[in-house]
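I have placed the structure first, in the form of structure tokens, so that the comments after it can refer back to it.
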Amino acid sequence: MTEFPTRPVAQLVGSNGPIHALTYSSTPSTYILTGSSDRSIRLYNPSSTTQSPTGPPTGRLIQTYTGAHSYEVLSLSVSSQNDRFASSGGDRTVFLWDVSTATTLRRFGSHSTAHSHTGGRVNAVLFSGHDDSLLLSGGHDTTVRIWDTKSSSAKPVQVLSDAKDAITCLATPQNGEPEIISGSVDGKVRSYDVRMGRCVTDVLGAPVTSLSLSKDGKTLLVGGLDNKIRLFDRRNGTSLKTYEHPGWRNTELRVQSCLGAKERYVVAGDELTTSEVGIGNNQEEGKIWAWDLLTGKLVATVPVPWGGDANNKKVTIGRDGKEKARKNVVSCIAWKEGGFGNQFCVGGTSGVVNVYGEL
Amino acid sequence: MSYKRSRAAYEADVTSQQSPYVFFGTPLPPLDPDVRDDGSYVPIWKQEVRDERGRKRLHGAFTGGFSAGYFNTVGSKEGWTPSTFVSSRTNRRKNDVKPAQQRPEDFMDEEDLADAEEDRRIQTKAAFAGLGSTENDASRATGLMGLFRATGETMGEKLLKKMGWKEGQGIGPKVRRKARLELRSDANGPGETYLFAPENVPMITFVRKTDHKGLGYGGQARLAPIGSSTKNNGAGHSDDEDAENMGDFGKPRFTLPTDRKKKKDNKPRGGIGIGVLNDTGSDDEDPYEIGPKISYNRVIGGDKKKKTTTTINPAVKAKPTFMPSKKSSLGKIALGVRKCHDGRLPLDGFVFGKEPDALTSAINSEGKYPPPQVPPGWVSSKKSKSPTGGSSGFVSTADLAKGSMLDPKSRAAILGEKQLPGKSVFDFLSAAARERLVAATGRADLPQAKGEVPAEYALSEEERMNELLSRVPKLDKETAVAAISRGVSTGAPYADDEKKRSRYIAFLEYQAGFKPTPGPQPSKMNSEDWLRELTEFYNCARIFKPMTGFMASRFTTSSTTKPGSGAEAGQKDVLSKPPLKPQDPAEEAAKLGMFGPMTRSVTDFYPTRLLCKRFNVRPPEHVQPDEDHPTKPAHGSSSRFDVYPDQPAFRPEILTMSGGTGDARETSSGEGSGKSTPAPVMVIDPNRNEALEGKRAGEDVFKAIFGDSDEDDD
């Protein structure tokens with residue numbers, strides 16, 4: 001991938017509401033899982049496409065996982081063996097799914113509310129531990145709960161309740177280091193080193209909405225609600241680079257950012273709250289912003305079409321009861337093979353996932 | 001065959017027939033089928049007393065018995081519990097709706113109510129009671145004319161009251177005078193003067209002369225009852241009797257002191273048999289009032305106690321009393337000079353106009369004797385001195401200014417002022433000031449602000465720089481030096497922005513005194529931004545200094561004021577601001593973008609064993625092993641009395657934990673940790689328990705325990 005791709009090569013349709021979670025399957029990252037606000041999880045193969053008369057070809061919908069979540073699906077995580085995946089949602093539950101049979105294997109925190117997430121949504125879920133034996137989940141109740149996928153105990157292995165506000169994102173190194181990184185609305189990134197028994201707290205100031213670890217686990221990309229994405233040196237907590245642009249604003253919504261193209265770029269969605277003229281005020285069209293990792297310069301802004309067919313409504317009922325045009329907020333982003341593949345996909349309020357790069 | 005019926009048979013017959021004594025018509029049905037009402041005798045013990053509702057109760061005291069409460073008790077059906085009592089201990093005056101208004105009826109029983117009902121009589125209301133009576137004739141006499149008079153407050157009165165007028169007061173500006181107290185002695189003293197409302201002015205009334213008597217002659221009073229003499233008098237009305245005068249609507253009334261005199265005469269005189277000196281008891285009355293109006297001095301040595309004529313309340317009409325002024329008023333009175341209607345004498349040199357005589361005015365009004373006509377072509381011989389001023393009259397400056405055709409520019413030209421360059425105010429306004437104007441006026445179409453500075457006020461570049469730098473907070477030299485050294489050694493702030501970092505270093509060097517200026521102003525920034533950045537640097541340097549300095553900053557010295565700017569400092573002290581809430585230094589540092597050691601904090605984290613196991617790592621050192629310690633020896637027959645081989649490692653902790661007592665502390669502190677390391681390592685054979693499998697005790701021990709007791713028993 002020499003040039004940053006500017007046109008979607010495929011679209012994944014079928015969701016009946018905004019997409020909240022996107023993830024590629026584990027290596028070789030053939031499939032894409034989407035978590036939607038219509039309470040279902042969909043498994044797509046972006047490579048086998050059928051031509052669409054209007055837009056880019058649509059990827060094949062393989063499976064729809066429904067019936068478990070009673071609220072929107074907010075986060076997804078696929079195990080390294082690609083046999084199971086975990087999902088969390090607005091109904092304070094975490095489900096462990098079997099990919100092939102489309103059934104839930106476990107429901108964490110269901111047996112006793114004393115052990116489940118007490119308040120509201122579970123924002124993030126993540127496999128961790130040796131052999132994916134642990135499942136981390138963090139949510140509005142300010143705790144990170146660590147569940148054991150191997151035993152059938154209803155109790156979490158441990159509850160990390162240091163955060164003073166909701167947990168928004170979780171990360172764990174891909175190289176198997178025993179670490180748990182959590183980002184919270186209280187503006188702090190906490191790294192729990194299990195081996196050393198240390199918790200390193202880095203203050204960002206603004207609420208943390210996105211965490212992305214580099215492959216070597218030495219740098220961490222942190223997105224916060226202060227219009228800036230920062231690359232942190234995990235060793236001493238210094239900010240190596242700050243990625244920002246006057247046209248890119250992020251103060252209200254969770255907009256994910258990630259490292260991409262073999263960690264050449266920092267890619268993020270757009271919450272479209274800017275009213276700047278000239279940058280593009282087309283609310284139907286979301287944008288992807290890409291910065292160069294090393295120089296911190298803006299490399300590209302890629303338009304994201306609304307997508308879908310005519311049934312995909314572009315209007316919503318506002319608080320005043322009138323219909324208004326929906327913004328295409330690009331809230332979630334995933335890069336193939338943890339940032340090292342040749343493809344990435346974005347999703348947002350349009351409910352259509354746009355796949356960029358090579359098929 | 002007749003036989004005498006038995007009594008019982010007769011009574012049965014009677015009851016069946018209802019009433020045996022009815023011979024004509026239909027008998028009324030009995031009141032109560034069980035009780036015979038034939039008037040036959042019922043013995044007392046058989047009589048039952050029932051109240052009007054048929055209840056078997058004793059009746060009231062006045063009707064032959066008494067009845068009280070619940071079956072002649074003070075209780076109720078539930079016992080003696082006042083049903084209305086609600087404890088207010090918890091809800092004091094909270095939700096009491098309104099204490100129920102208690103009426104006398106609430107305390108009355110049926111009997112009392114019945115009595116009260118009986119006492120009520122139907123009466124006609126007073127308003128209707130007098131229909132046909134002559135009681136209110138006097139008030140009704142006004143009749144039709146009453147319709148045309150406004151009753152109650154007139155609109156004028158309302159307006160006056162709104163303006164602060166009170167009834168009885170006069171109208172006009174307040175008068176400064178002494179307070180007229182009742183005691184005359186006060187008036188003589190060096191009294192202070194107060195502002196009083198002016199005195200009320202009696203209404204001028206004119207009397208239309210309708211009789212043929214001589215002018216000023218009132219005529220003889222008619223014989224009339226004393227009470228009504230004033231009514232018939234016609235001229236003797238005072239304002240108090242307005243109500244009675246309502247009838248003579250439009251009739252001119254004329255009040256003069258001479259007339260008022262008559263009122264005095266209306267005092268009831270003593271009747272027959274009442275002597276002159278028959279005192280009624282009141283001191284006010286002068287028994288010698290009758291007779292010639294000579295005031296006798298009946299008190300030797302001292303002023304005669306005058307009748308109180310002045311009242312504090314001016315609403316009460318002051319009686320017309322003659323208060324002779326020392327000088328000339330006597331003469332004036334002699335000349336027939338009256339007072340003006342406001343009670344003052346006319347100005348010197350003025351005389352009162354004659355009262356327009358009713359007759360002459362009537363004649364004049366008819367035009368019988370017109371005034372002489374001015375001959376045509378007559379011109380006054382007098383001429384005003386100023387020919388123009390007389391005609392145009394007085395013109396105010398504002399009117400003159402209005403008439404002027406000059407505008408500011410032409411005026412400036414006349415005055416010889418130099419013309420300003422053709423610029424508007426907006427050329428000199430800053431953009432921020434224009435924004436404020438736009439916000440205040442709500443008009444966005446104001447001209448662009450250019451922020452120019454007139455040439456004579458323009459600062460040189462150097463001055464501007466100095467002015468700017470004076471607004472930058474001053475950093476201590478040592479702090480600046482410390483911040484530089486710190487910035488060099490470890491991760492400096494603004495590591496991600498090379499230019500900013502160099503500016504920061506330059507700023508520090510300037511503050512430390514190494515350089516005269518903190519470098520040139522960056523071309524991209526305007527001075528406001530640059531100032532902001534310098535302030536940020538200042539904050540940054542204060543945080544980003546060695547730990548000792550940082551700790552020192554936790555303690556603030558008492559504020560010192562510069563001796564030179566004492567007034568200014570005082571000004572600032574008055575506007576004392578509340579101390580800012582101490583912020584987390586990490587948050588502050590994060591806000592300044594100084595990520596690194598400042599924003600990082602490390603705490604201990606205690607992963608559970610299972611977590612460590614799932615991560616496939618050993619638990620950290622500080623994680624306390626719990627009961628099932630992994631290094632526990634795995635021998636099967638471990639008993640409770642086993643001593644763990646790793647127990648010596650815990651010894652120091654046990655010692656410090658039991659440090660509450662004095663000697664224990666001594667052992668731990670005195671011998672120190674050096675003692676604990678060479679603690680005797682017990683080598684334990686796990687297969688052998690010393691305590692259990694020790695040497696068998698001596699024979700005498702057993703003997704002492706078991707043997708002796710037997711002997712004692714013997």
Side-chain angles (χ1 to χ4, degrees), chain A residues 128-136 146-151 153 155-160 162 172 176-180 186-206 222 224 226 228 230-244 296, chain B residues 486-501 504 524-525 529 536 539-540 543-544 582-626:
Chain A
S128 182
H130 183 254
D131 203 13
D132 288 338
S133 54
L134 294 172
L135 193 58
L136 318 175
I146 306 169
W147 310 94
D148 191 356
T149 59
K150 289 198 165 169
S151 77
S153 165
K155 260 174 76 174
V157 173
Q158 191 161 8
V159 178
L160 312 176
D162 300 283
T172 191
E177 280 294 308
E179 279 191 90
I180 299 163
D186 64 3
K188 295 191 172 81
V189 177
R190 293 179 176 82
S191 305
Y192 299 91
D193 191 335
V194 178
R195 179 171 305 170
M196 302 302 292
R198 287 195 317 159
C199 169
V200 177
T201 307
D202 284 316
V203 180
L204 183 76
V222 180
D226 58 349
K228 290 185 180 76
R230 291 187 181 84
L231 188 68
F232 279 100
D233 186 356
R234 293 199 59 218
R235 192 167 42 86
N236 53 15
T238 51
S239 168
L240 297 171
K241 211 76 195 168
T242 305
Y243 307 95
E244 56 184 321
Chain B
R486 173 121 173 144
V488 169
S489 61
T490 57
Y494 312 116
D496 51 347
D497 192 340
E498 200 53 49
K499 280 179 196 161
K500 195 169 184 180
R501 187 174 173 196
Y504 172 61
K524 273 188 285 183
M525 291 186 195
D529 286 343
E536 183 189 316
N539 286 330
C540 177
I543 296 171
F544 216 79
Q583 271 196 326
D584 186 11
E587 298 267 1
E588 269 182 46
K591 249 177 222 155
L592 294 172
M594 299 185 306
F595 297 101
M598 293 298 301
T599 58
R600 171 161 280 208
S601 58
V602 180
T603 50
D604 274 347
F605 163 58
Y606 303 98
T608 59
R609 276 194 57 247
L610 185 58
L611 185 65
C612 299
K613 193 179 163 191
R614 289 281 180 252
F615 272 114
N616 224 358
V617 290
R618 282 171 59 89
E621 297 283 318
H622 61 271
V623 173
Q624 293 288 334
D626 25 34

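Chain naming here is simple, since letters A, B, ... match the order of the sequence lines and numbering starts at 1 in each.
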- prompt: Does B:Arg600 use its side chain to pair, donor to acceptor, with the backbone of A:Arg235 at less than 3.5 Å?
  reply: yes
message: Quick check for you: to the nearest 0.5 Å, what is the distance between B:Lys613 atom NZ and A:Asp148 atom CG?
response: 9.0 Å
- request: Would you mind telling me which of A:Met196, A:Glu177, A:Lys188 has the largest number of heavy-atom pairs within less than 4.5 Å of chain B?
  value: A:Met196
query: Checking heavy atoms, do the side chain of A:Arg230, its backbone, both or neither come under 4.5 Å from chain B?
result: side chain
Atom group of A:Asp193 that falls short of 4.5 Å from chain B, counting heavy atoms: backbone
task: Identify the two heavy atoms, one from B:Ala590 and one from A:Val203, that lie closest to each other, and give their separation to 0.1 Å.
output: CB-O, 3.7 Å
statement: Cut-off 4.5 Å, heavy atoms of chain B, and the answer for A:Lys228 is neither
statement: One option among B:Leu610, B:Val617, B:Leu611 has the most heavy-atom pairs under 4.5 Å with chain A, and it is B:Leu611
- prompt: Out of curiosity, A:Arg190 CZ to B:Ser601 OG, how far, rounded to the nearest 0.5 Å?
  reply: 8.0 Å
- request: Using non-hydrogen atoms and a 4.5 Å limit, figure out which bit of A:Asp233 sits close to chain B: side chain, backbone, both or neither.
  value: backbone
query: Which atoms form the tightest heavy-atom contact between A:Val200 and B:Val602, and what is the distance?
result: CG2-CG2, 4.1 Å
query: Any idea which heavy atoms bring A:Gly197 and B:Pro607 closest together, and the distance?
result: CA-CD, 4.2 Å
- prompt: Are any non-hydrogen side-chain atoms of B:Phe605 and A:Val194 less than 4.5 angstrom apart?
  reply: yes
field: Engaged part of A:Asp202 at the chain B interface, taking heavy atoms whose separation is under 4.5 Å
entry: both
message: Tell me which of these, A:Gly205, A:Ser128, A:Cys199, has more heavy-atom pairs under 4.5 Å with chain B than the rest.
response: A:Cys199
field: Minimum heavy-atom distance B:Arg614-A:Ser151, with the two atoms named
entry: NH2-N, 4.2 Å
field: Region of A:Leu231 that comes under 4.5 Å of a non-hydrogen atom in chain B
entry: neither
message: Between A:Ile180 and B:Phe615, does the side chain to side chain contact (heavy atoms under 4.5 Å, CB included) criterion hold? Intermediate values first, please.
response: CA-CA 11 Å; A:Ile180 299 163; B:Phe615 272 114; 4.1 Å; yes
field: Proximity breakdown for A:Leu204 and chain B, heavy-atom pairs closer than 4.5 Å
entry: both
query: Any idea which of A:Thr201, A:Asp131, A:Leu160 has the most non-hydrogen atom pairs under 4.5 angstrom with chain B?
result: A:Thr201
